[in-house]
Amino acid sequence: MTHFVLYAIGAAVTAFAILFGYRILLHPLKSYPGRLAGKLTNAHGGYHALFRSQHLEIRADHLRFGPVVRIGPNKLVFNTVKAIRDIYDNDDKILKSHVYETFVQTPGVHSLFDIIDNRDHSRRRKVVGQAINERSMRIFESTMVEQIDNYIELLRADSQNGPINMTEGINNLACDIVGLLAFGYQLNLQTETTNYFLVEGMRAANLIANVLMQFYTLRRIGLTSLLNFMSRNALNQYFALLEKLITTRTGKEIDAHHDLYSIVMEANKDAVSLGDSIRMSELWSEAMSFFPAGAFSTSGGISAALFYLSRNPKCYRRLSEEIRTAFSSDDEIHSGPTLSGCQYLRACIDETLRIAPPVPGTLWREVGPDGPAIIDGHVVPSGTEVGVNTYTIHHNEEYFPHPFAFKPERWLPSETPNEQIKTALEAFIPFSIGSRGCAGKAMAYLESSLVLAKIVWHFDFRPAPGKLGDIGGGTPGRRDGRGCKNEYQLYDMISGAHDGPCLVLQPRV
Ligand code: HEM
């Protein structure tokens, strides 16, 4: 028995020595710079994903090693605009990485986000995209505004009780909106705690999914099944709610709401073949994916905008003046020429999405079987995972001078030379680009614009006094990329988790 154990240990040590030796000395990516731990194993990325700090690590790696870094045995990250185009706008050679399989709960049931095959994806996107494109938003806007108005009234009441940490309320608002869009269902997260477990569960699931994406071997060896078993009570609660959402919705007429269900059911009627229609299981998996994709991201952007506005009085004053001049009453705040004419508002939103991208990580792609692919002049073999880290490129001085300064003016043609704006736009990828870029961009801008315009119209606000006012910023003295008091901290778990800002709000009307 003892001999057997010794042989097993010896065999394992030898196997690892051979594997690590290969990865360092013979691997096709051997000449790329990077940390030794990353070159040896993806556990390195998994570790940083667990601490939600991979975006900070990757930025530090680029500062140390240059524009191309090997951060996993088979992974390269780039930090140039050329690489953005070569990776994310190159469907012939580059696919979504296999690590997106992490999101597939039931084999064969995909959502838009995790379909790997480009043709399958394109078919699905044509249908699902209809629920969140500009046209759909024109119909859905009144439902969205109703939720935002509830939020403003709750804020008004809460503002009497002292400073408010804005993160939770905005997150609940965004989830309530997505619940209505995805299922035509009123989750009431803003006013009740009954369904709150859904948000907490999805946050935990996001963290786990990100760790598994970075260290995919854990999924291969069955960790997902183990985690599902360990969290079976939470999962049962989740499935019970899902069933309720589904039965409530399917119990109503198709056109009872303008939501994903009505849009998909209508599209299915027109489907030429069975392959073109969306199965029920796929529809509901799609609907659930709207929460992390559409709610956590949008709420992250809005919270970050409030953080930066509250700390940059000049920007805050300029935005208030713009909004309060453009709209003489709350009722006037809706989509249309006046809202889209609020250029400073749009500049504030874009500057927030740059400085605190709600999806701050690296969106992994994989060089497909028709490789190699040429990425920023590098010949990258098939099977290699490649990406650009959004947080890092958004803080690359070459494209964004003074990258840690909140400067909405950098997006205004009246104040910044066209050439500089063009350069910035090429490196600006909060929604990613290409065929796999965000399908909900129109919704994200509409929701962010309405929420921010309404908050600024209804309230004066400033950071809470004392320690509360520091919530959301970094901690001076920290040397891990979180040392800046005036930088909104992102905790990368696909969509970035965040906290604060904590504000004192004073109703104006
Ligand atoms: C500020 C808010 C938002 C940001 C920063 C954002 C960002 C992104 C990014 C970076 C991707 C690409 C993900 C990848 O390649 O893995 C993406 C995809 C996606 N987003 Fe958004 N998003 C936002 C809001 C929304 C909203 C409101 C929705 C509506 C439900 C939405 C729905 C989607 C969907 C369905 C995809 C998958 C698209 C595809 O693969 O075809 N997003 N988003």
Side-chain angles (χ1 to χ4, degrees), residues 84 87-89 91 94-97 99-103 110-118 120-134 136-137 140 144 170-171 173-175 177-183 206 209-210 213 259-260 263 282 285-305 349-350 352-366 385-391 393-394 428-452 490 492 494-496 498:
I84 293 176
I87 294 173
Y88 297 100
D89 205 6
D91 287 353
I94 296 196
L95 304 170
K96 253 196 165 175
S97 161
V99 300
Y100 279 82
E101 285 284 335
T102 302
F103 295 95
H110 288 267
S111 73
L112 202 52
F113 189 62
D114 54 50
I115 298 176
I116 310 287
D117 182 86
N118 281 337
D120 289 348
H121 169 264
S122 150
R123 272 201 299 270
R124 178 77 69 84
R125 173 112 177 199
K126 272 193 197 114
V127 178
V128 174
Q130 289 174 38
I132 38 188
N133 63 16
E134 252 178 83
S136 172
M137 284 305 114
F140 185 68
M144 185 189 275
I170 291 171
N171 205 42
L173 164 66
C175 288
I177 291 174
V178 162
L180 287 160
L181 178 70
F183 294 94
N206 258 20
N210 197 30
M213 277 179 93
D259 56 5
L260 184 66
I263 287 161
E282 291 167 335
S285 132
E286 205 72 71
M288 285 318 289
S289 78
F290 272 23
F291 286 97
F296 294 173
S297 49
T298 311
S299 73
I302 297 170
S303 305
I349 293 173
D350 283 343
T352 303
L353 294 175
R354 177 196 71 78
I355 201 167
V359 183
T362 311
L363 305 169
W364 289 115
R365 301 294 187 260
E366 191 169 319
E385 287 184 67
V386 290
V388 172
N389 183 270
T390 303
Y391 173 84
I393 198 142
H394 281 189
F428 181 60
I429 49 165
F431 299 100
S432 190
I433 62 158
S435 63
R436 307 306 295 255
C438 180
K441 198 168 156 182
M443 177 170 171
Y445 274 117
L446 178 66
E447 191 174 326
S448 312
S449 304
L450 290 173
V451 175
L452 287 170
L490 301 172
D492 175 18
I494 307 172
S495 50
H498 50 92

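Whatever order the structure lists them in is the order used to number ligands and atoms, beginning at 1.
The residues lining ligand 1, counting any heavy atom closer than 4.0 Å, are Lys96, Tyr100, Leu112, Phe113, His121, Arg125, Ile132, Phe290, Ala293, Gly294, Ser297, Thr298, Leu353, Pro358, Val359, Leu363, Arg365, Pro430, Phe431, Ser432, Arg436, Gly437, Cys438, Ala439, Gly440, Met443, Ala444.
Distance check: Met443 CE to Ile132 CD1 gives 7.5 Å after rounding to the nearest 0.5 Å. Interatomic distance, Glu286 CD to Asp114 CG, rounded to the nearest 0.5 Å: 8.0 Å. To the nearest 0.5 Å, atom CE of residue Met213 and atom OG of residue Ser97 are 6.5 Å apart. In this structure, Phe296 CZ and Phe291 CZ are separated by 8.5 Å, a value rounded to the nearest 0.5 Å. Separation of atoms CG (Leu95) and CH2 (Trp364) is listed at 15.5 Å; rounding is to 0.5 Å.
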Which donor-acceptor pairs under 3.5 Å do the side chains of residues 428-438 make with protein atoms, sequence neighbours left out?
from   : atom 1 : to     : atom 2 : distance (Å)
Ser435 : OG     : Asp91  : OD1    : 3.3
Ser435 : OG     : Asp91  : OD2    : 2.7
Arg436 : NE     : His121 : NE2    : 3.1
Arg436 : NH1    : Ile115 : O      : 2.9
Arg436 : NH2    : Leu112 : O      : 3.1
Arg436 : NH2    : Ile115 : O      : 2.5

